[in-house]
Enquirer: 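First the structure, which I've put down as structure tokens, then a few questions once you've had a look.
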Amino acid sequence: MRLLLLEDDVEIGQWVLDGLNREGHVTDWVKDGRDALAAAMGQTYDVVILDRMTPELDGLSVLKALRAARIATPVLFLTAMGDVEDRVEGLEAGGDDYLAKPFAFSELKARLGALGRRHAAQAGKVEDTLLTGAGISLDLLKRKCSRNGEDIDLNAKEFALMEALLRSKGRIQTRTMLLERVWDMNFDPTTSVVETHISRLRAKIEKPFGDTVIRTVRGAGYVIEG
Amino acid sequence: MSLRAELQALWRSSALRQALVLSLLFVGILVAAGFLAQNLLREELQDRVEDDLYLRLEFLAGQIDQLMEYDVEDENEKGGLDSDARADIRQLVRVPVSEVDDRVFIDAFRPDGGDVIGALPASAFDQQGLHSERFRLAPNEDRESWTVLSEDVTGGRIAVAHRGAATDEFLELLPGAFLYTGGAAVLLTLVAGTAFGLVARRRFHRISQSLDRLSEGDLTSRVGRLSGRDDLSDLARHIDATAERLDILLRQTRDLATSIAHDLKTPVTRLRARLENLSVELEDGRQAEEADKALAEIDRIILTFESLLQIARMDAGAHRGRFQDIRLADLVREIAEAYQPVIEDSGYRFQLDATPGSAMIRGEAGLLKRALANLIENALRHGGGGGTIRLFSRDKTIGLSDEGPGIAEAERQHVLEPFVRLDTSRTGEGVGLGLAFVQSVAKLHDASLYLSDTRQETPVGLTVTLGFNAASQNLTNL
């Protein structure tokens, strides 16, 4: 993907840039808000990553200016302003995702993947009502789950968890992404909420079949391979 | 506001109370002054009466002496009076001899051994000197009070009397005068007091409204200029100046928090980035495990840091502007869905009591969820490893109870402070911010936070209850 990164801290910027390049993205890195706005107005990016407290023009103003100019490029905030209120403010202004510093690179990677994909998917496609992967099919209209033709009884949250994983088939879903998407929890619980639900889900979709569907990625999250 | 409440508020107004006290004081002074004035006046009048009586007596004595001298020279008799002399005396003492300023004086003479010549009764002659006496002049009149002066002269005794009633009448005017002026003054004071009370109440109301908003965390609230230049407008100015100062201080603190957030988060982000790189490069193995442990530690530091910042912002009244309608039962059910497996896998029984009653409150759902999650995680950590963890919502309360060792009553207030851990040997997880965070969420929502025993007979467990609109609830034993 082609990415724009606004980050005024040189060391963090370099780290993110290196990481993104390793992932095969093409990234333009700017260090102040005015340059970010000029770049985002002048070129097409798949995702724009904005810090909020930046010189010349803060990230939120950059976003507002972009949206005012009817530029719909997905924007991910990557900022030290991690309060509930800051988050809501960022999302209400038209941001697509919000990641508070300090952050795990795996988290940023996963969220960028989701954003770029979502953006591409929105380009005129009707949303699927049937999700499939690893022999599992999830009927979103009938709220039914089956594996190899065999019905599996999932409760509401297990279904939502399965849906989140299948939607991002092949891409890692981090714990925090799942917490936000499945339970609408924007904080990090000190207990293993996600792990416990994943293990319950596994007991239903893996145990009877004796294989692995949901793969755990160390230090990152979970993924269903396509 | 109802009339009754308006009147009650007026009654509490200090201006009206001052007016009442002042008018009572005024009435007191008026009564005392009236009493004094009456006495002084009475004495003065009495003195004048006595002076007049002495003058009259002297004059009469002189007249009668002359008559007697003449009579003695002429008749050379003792005791009796001839009819001419008697007629002269009668002429002298005819009734009423004198009326001065409506005052009635009567003179009379009683020759030795003879009857009284003049209008006074015989009793007026019984006592020599100045005295007062009650008698009537005619059978059909009322007895009245008289001041009588009686002295011996040649050939008999003279009595001059002054009717007391005249001075009394004069004196009776006084209380009336005092009553009217006093009454009018009291009435005027009360009217003025009520008016001042109303005006002052309006001004006090502005001040107290502004103070209320300030205490709620709205530091931009100001009383503004109050009309007039008096102590109240001075007070308002002082309050505004204080609020201004507080606002600046708080903004500085907030800016400080933000810059700490920025300044500390940047190095922590770098640190985390290096650790993560290390972890990725090390692949699997013992060293990679150590790197992951270090990452987990740093994440815990970040979590503590975030909680502290969040508490600081909540205590400063942030978030209030984003409050939305929240159904408490739904909130509790969502958290239950997330945590039930965690609780059960940790060896506890889980119970959800969410009465379908649809109490709505205004609030920030994310923070409330996080508060409940904190309570659950606290219970998992300190719940004693077994028993029932119960999540409940009833009317306008939500809360959690466990059956662990609980918290002694004396220490309950203490645990709401940040970084308090009662069991100091507990070095495991937890940042000691859990209850302080919940407390700040409660404060932000104007909710009350109660800690109690889960079962009272044999004090066991801890029940934490958040009461919204708590004034109407009895929450001691839920």
Side-chain angles (χ1 to χ4, degrees), chain A residues 7-16 18-19 22 51-54 78-89 92 100-108 155-158 160 179-180 182-201 203 218-220, chain B residues 258-259 261-274 276-277 279-280 284 288 291-292 295 298-303 305-307 309-310 313-314 318-319 321-322 334-335 337-346 364-367 369-370 373-374 376-377 380-381 429-431 434:
Chain A
E7 171 60 68
D8 60 329
D9 183 274
V10 176
E11 191 172 334
I12 294 170
Q14 192 61 53
W15 174 58
V16 174
D18 291 346
R22 247 199 327 270
D51 190 2
R52 279 191 63 172
M53 290 178 287
T54 48
L78 186 62
T79 169
M81 294 174 68
D83 192 83
V84 177
E85 223 174 10
D86 300 327
R87 188 189 157 81
V88 175
E89 196 175 35
E92 277 181 358
K101 284 183 192 167
F103 60 99
F105 188 78
S106 53
E107 189 72 41
L108 175 66
N155 69 30
K157 285 298 159 188
E158 287 161 351
L179 279 167
E180 282 169 22
V182 179
W183 291 277
D184 192 23
M185 280 164 55
N186 295 309
F187 55 92
D188 197 7
T190 56
T191 47
S192 45
V193 171
V194 179
E195 292 84 338
T196 309
H197 280 271
I198 290 280
S199 89
R200 294 223 165 176
L201 185 58
R218 184 174 68 88
Chain B
T258 318
S259 33
H262 196 241
D263 292 354
L264 263 182
K265 273 179 178 180
T266 306
V268 172
T269 305
R270 290 180 196 153
L271 180 60
R272 208 199 174 285
R274 283 162 192 268
E276 204 180 339
N277 280 348
S279 165
V280 171
D284 289 342
D292 284 353
L295 270 178
I298 213 162
D299 283 342
R300 196 163 298 141
I301 292 172
I302 292 165
L303 201 66
F305 196 58
E306 290 290 345
S307 295
L309 281 176
Q310 190 84 63
R313 288 192 69 166
M314 282 193 279
H319 306 287
R322 296 199 183 277
E334 275 176 48
I335 280 295
E337 277 175 344
Y339 277 93
Q340 178 163 9
V342 182
I343 293 170
E344 288 171 351
D345 286 4
S346 307
E364 218 295 317
L367 292 172
K369 273 189 192 176
R370 194 161 163 187
N374 268 333
I376 291 173
E377 282 163 15
L380 289 176
R381 214 167 293 134
E429 290 177 56
V431 288

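No experiment lies behind these values; they were computed from the predicted model shown. Note on naming: letters A, B, ... go to the chains in the order of the sequence lines (proteins, then strands), and numbering restarts at 1 for each one.
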Enquirer: Going through the checks in order, is the side chain to side chain donor-acceptor pair (under 3.5 Å) test met by D345(B) and T196(A)?
Expert: CA-CA 8 Å; D345(B) 286 4; T196(A) 309; 4.6 Å; no

Enquirer: So what's closer than 4.5 Å to chain A heavy atoms on Q340(B): side chain, backbone, both or neither?
Expert: neither

Enquirer: Would you mind checking which part of D18(A) comes under 4.5 Å of any heavy atom in chain B, side chain (CB onward), backbone (N, CA, C, O), both or neither?
Expert: neither

Enquirer: Less than 4.5 Å to any heavy atom of chain A: does that hold for the side chain of D299(B), its backbone, both, or neither?
Expert: neither

Enquirer: Does any heavy atom of chain A fall under 4.5 Å from the side chain of A365(B), the backbone, both, or neither of them?
Expert: neither

Enquirer: Between E11(A) and R274(B), does at least one N-O distance fall below 4.0 Å, as a salt bridge requires?
Expert: yes

Enquirer: Given heavy-atom pairs under 4.5 angstrom as the criterion, report whether the side chain, backbone, both or neither of W15(A) touches chain B.
Expert: side chain

Enquirer: Are any of the side-chain nitrogens in R87(A) or E180(A) under 4.0 Å away from the carboxylate oxygens of its partner?
Expert: yes

Enquirer: Quick check on E89(A) against chain B: is it the side chain, the backbone, both or neither that has a heavy atom closer than 4.5 Å?
Expert: both

Enquirer: Checking heavy atoms, do the side chain of R370(B), its backbone, both or neither come under 4.5 Å from chain A?
Expert: both

Enquirer: Under a 4.5 Å heavy-atom cut-off, does chain B meet the side chain of R22(A), its backbone, both or neither?
Expert: side chain

Enquirer: Starting at OG1 of T79(A), measure out to CG of D86(A) and round the result to the nearest 0.5 Å.
Expert: 7.0 Å

Enquirer: Output, in order, the C-alpha distance, side-chain angles, deciding distance and verdict of salt bridge (charged side-chain N to carboxylate O under 4.0 Å, His left out) for E7(A) and K101(A).
Expert: CA-CA 12 Å; E7(A) 171 60 68; K101(A) 284 183 192 167; 2.7 Å; yes

Enquirer: From L201(A) CG over to K157(A) NZ, what is the distance, rounded to the nearest 0.5 angstrom?
Expert: 13.5 Å

Enquirer: For E337(B), which atoms come within 4.5 Å of any heavy atom of chain A: side chain, backbone, both, or neither?
Expert: both

Enquirer: Heavy-atom distance under 4.5 Å to chain A: side chain of E306(B), backbone, both or neither?
Expert: side chain

Enquirer: Checking heavy atoms, do the side chain of L367(B), its backbone, both or neither come under 4.5 Å from chain A?
Expert: side chain

Enquirer: Report the option among N155(A), V88(A), V194(A) that has the most heavy-atom pairs separated by less than 4.5 Å from atoms of chain B.
Expert: V88(A)

Enquirer: Going by an N to O cut-off under 4.0 Å, is there a salt bridge joining R200(A) and E344(B)?
Expert: yes

Enquirer: Is it true that a side-chain atom of E276(B) and a backbone atom of F105(A) form a donor plus acceptor pair closer than 3.5 Å?
Expert: yes

Enquirer: Measuring from atom CG of D9(A) to atom OG1 of T54(A), what distance do you get when rounded to the nearest 0.5 angstrom?
Expert: 12.5 Å

Enquirer: Where on S106(A) is there a heavy atom nearer than 4.5 Å to chain B: the side chain, the backbone, both, or neither?
Expert: both

Enquirer: Quick check on N186(A) against chain B: is it the side chain, the backbone, both or neither that has a heavy atom closer than 4.5 Å?
Expert: neither

